Amino acid sequence: MSPGQARVIDPILSNVAQGYRDPGFVGHNLFPSVPVQVSGGQVIEFGAEDFKLYNARRAPGSNTKRVEFGYLGKQYSLFNESLEGKVPDEISRDAARVPGINLGTRAVNKVMKILRRSLEVEQAGVALNATNYDANHKLALSGVTKWTASTGTPLPDIEDGKEAIRASIGIRPNVLLCSAVGFNALRYHASVVDKFKYTTPDSITEEMLARLLRLDRVVVGESIYYDETAAANKDIWGNNAVLAYVALGSMDQEEPSYGYTYTMEGHPMVEEPYRDRNAKSWIYPVTYERKPVLSGMAAAFLFQNPA
């Protein structure tokens, strides 16, 4: 029997872990989760061949041509992350019994917050790596071109990015992910404020910008992490913005998209809690096997240093 087979899964708490949401984490908007059955293999990628013209005509009696969607690209290997949540006897009414579902849920959610922050950092690391983009799909802003400068041109910049993606994949992007400082630079730019001056006195929101830019979503990455080396908090999404076409809601890795988070089927999962007498606590093991991957780099455009 393998270790995986020996595990006894808690289905209720596994549902809690799989349903965990934190509005501060936005990486899933670029890398939606899709299930995989193996922990390693090749990423299904998409390129220009998905938009080529096929000659589908056939002569009587001849074979019918077959087409395939996507191709096997770079290797991937899921990261297996696992942590245990703890419920000390001091906060459990009856230490001899497994704590109630509320205490178990709290323990699992605390673990999931840590695991999701780790995933968010990985997703940002992939999306913000400029070497992953060709010269036609990135723009480094500086000085008078920053969106914080009165001479900056955020709306034309974003339109140019949308056109670069459409020219590459035939589909316009539908998601703009901004870092916190990038979002403020965009929404407070005079050219953007001017668009709303006769319609509303309210602050400009993500939804208003999405309508202005004709996108499905504008999301803001506001989460931070503590960098032990620098002994300081850091913005996970730094000073950047990413425009992308993402197959929102897709559960199929064969659907063309900028990226996915390949996730082991059934993960994150929670094993049944066990008693640690030495720690005088009940322990909740959580395992999350997943990895963010790029499946169509030409489906995105990176803006660096907008603020």
Side-chain angles (χ1 to χ4, degrees), residues 2-7 9-10 13-22 24-46 70 72-86 107-133 177 221 223-229 234-238 240 242 244 246-247 250-255 257-271 283-297 300:
S2 69
Q5 291 171 321
R7 290 172 178 160
I9 308 303
D10 187 313
L13 290 176
S14 290
N15 283 337
V16 169
Q18 291 164 20
Y20 177 83
R21 296 289 183 274
D22 185 322
F25 298 141
V26 296
H28 61 278
N29 288 283
L30 295 180
F31 301 93
S33 177
V34 291
V36 296
Q37 286 76 43
V38 292
S39 58
Q42 288 178 272
V43 177
I44 298 178
E45 298 182 14
F46 306 94
L72 293 177
K74 297 179 289 295
Q75 296 283 336
Y76 77 87
S77 180
L78 301 185
F79 295 132
N80 189 333
E81 297 207 333
S82 188
L83 288 174
E84 295 183 331
K86 184 168 68 174
V108 168
N109 282 341
K110 287 179 181 177
V111 171
M112 283 306 302
K113 191 176 188 69
I114 295 171
L115 295 179
R116 283 300 311 276
R117 189 181 305 280
S118 174
L119 175 59
E120 184 89 354
V121 170
E122 288 175 33
Q123 291 168 332
V126 175
L128 304 182
N129 185 348
T131 62
N132 286 332
Y133 298 79
L177 190 155
S223 292
I224 61 172
Y225 72 99
Y226 183 73
D227 185 333
E228 293 188 87
T229 304
K234 286 192 173 181
D235 272 311
I236 292 177
W237 292 95
N240 303 276
V242 180
V246 180
S250 173
M251 294 297 290
D252 180 2
Q253 58 182 299
E254 296 182 352
E255 176 71 20
S257 181
Y258 163 67
Y260 285 113
T261 298
Y262 282 9
T263 305
M264 181 59 73
E265 198 167 58
H267 282 220
M269 68 171 185
V270 182
E271 296 173 48
I283 308 298
Y284 293 78
V286 182
T287 299
Y288 194 9
E289 202 170 347
R290 78 295 173 285
K291 183 172 186 177
V293 300
L294 295 170
S295 54
M297 276 314 303

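Worth saying up front: this structure is predicted, and the values here are computed from it rather than measured.
- Using a 4.5 Å heavy-atom cutoff, the side chains of Lys113 and Tyr20 are in contact.
- Taking 4.0 Å as the cut-off between side-chain N and carboxylate O, Arg116 and Asp22 do not count as a salt-bridged pair.
- Minimum heavy-atom separation, Glu120 to Gly27: OE1-N, 3.0 Å.
- When all heavy atoms are compared, the tightest approach of Glu81 to Leu115 is OE1-CD2, 3.7 Å.
- Contact record, Ala247 with Ser257: N-OG, 3.0 Å, taken as the closest heavy-atom pair.
- For Gln18 (side chain) and Pro268 (main-chain N/O), a donor-acceptor pair under 3.5 Å exists by modelled atom type.
- The two residues Tyr262 and Ile44 have their closest heavy-atom pair at OH-N, 3.2 Å.
- Under the 3.5 Å distance criterion, the side-chain polar atoms of Asp235 are left unmatched by any main-chain donor or acceptor of Trp237.
- Between the side chain of Glu84 and the backbone N or O of Val286, no donor-acceptor pair lies under 3.5 Å.
- Of the possible polar contacts, none joining the Asn29 side chain to the Leu177 backbone as a donor-acceptor pair under 3.5 Å is found.
- The closest side-chain heavy-atom distance from Tyr260 to Pro32 is below 4.5 Å.
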| task | Just do the side-chain contact (heavy atoms from CB on, under 4.5 Å) check on Val16 and Val270 with the steps written out, would you? | result | CA-CA 9 Å; Val16 169; Val270 182; over 6 Å; no

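- The CD1 atom of Ile236 sits 10.5 Å away from the CG atom of Leu128 when rounded to the nearest 0.5 Å.
- Side-chain contact check for Leu78 versus Val36: some heavy-atom pair is nearer than 4.5 Å.
- Proximity of Met264 to Pro35: side-chain heavy atoms (C-beta onward) are nowhere separated by under 4.5 Å.
- Separation of atoms CD (Gln42) and OH (Tyr76) is listed at 9.5 Å; rounding is to 0.5 Å.
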| request: Any chance you could lay out the side-chain hydrogen bond (donor to acceptor under 3.5 Å, both in side chains) test for Gln123 and Thr261, step after step, and finish with the verdict? | output: CA-CA 8 Å; Gln123 291 168 332; Thr261 298; 3.0 Å; yes

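- In this structure, Tyr258 and Phe31 have tilted ring planes: the angle between them lies in the 30° to 60° band.
- Within a 6.0 Å sphere centred on CD of Gln75, other residues, nucleotides and ligands contribute more than 12 heavy atoms.
- Atom OG in Ser82 sits 13.5 Å away from atom OH in Tyr288 (nearest 0.5 Å).
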| query | Are Ile114 and Leu83 close enough, and set up right, to give a side-chain contact (heavy atoms from CB on, under 4.5 Å), and what steps lead you there? | reply | CA-CA 9 Å; Ile114 295 171; Leu83 288 174; 3.6 Å; yes

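- Atom CE of Met269 and atom OG1 of Thr287 lie 4.5 Å apart (nearest 0.5 Å).
- The existence of a salt bridge linking Arg290 and Glu122 is confirmed by a sub-4.0 Å separation between a basic side-chain nitrogen and an acidic carboxylate oxygen.
- Taking all atoms of both residues into account, the shortest heavy-atom contact from Leu30 to Ala127 is CD1-CB, 4.0 Å.
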| said: One pair to check against side-chain hydrogen bond (donor to acceptor under 3.5 Å, both in side chains): Thr263 and Glu289. What are the steps and the verdict? | reply: CA-CA 6 Å; Thr263 305; Glu289 202 170 347; over 6 Å; no

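- Between Ser223 and Arg117, the closest heavy-atom pair is CB-NH1, 4.3 Å.
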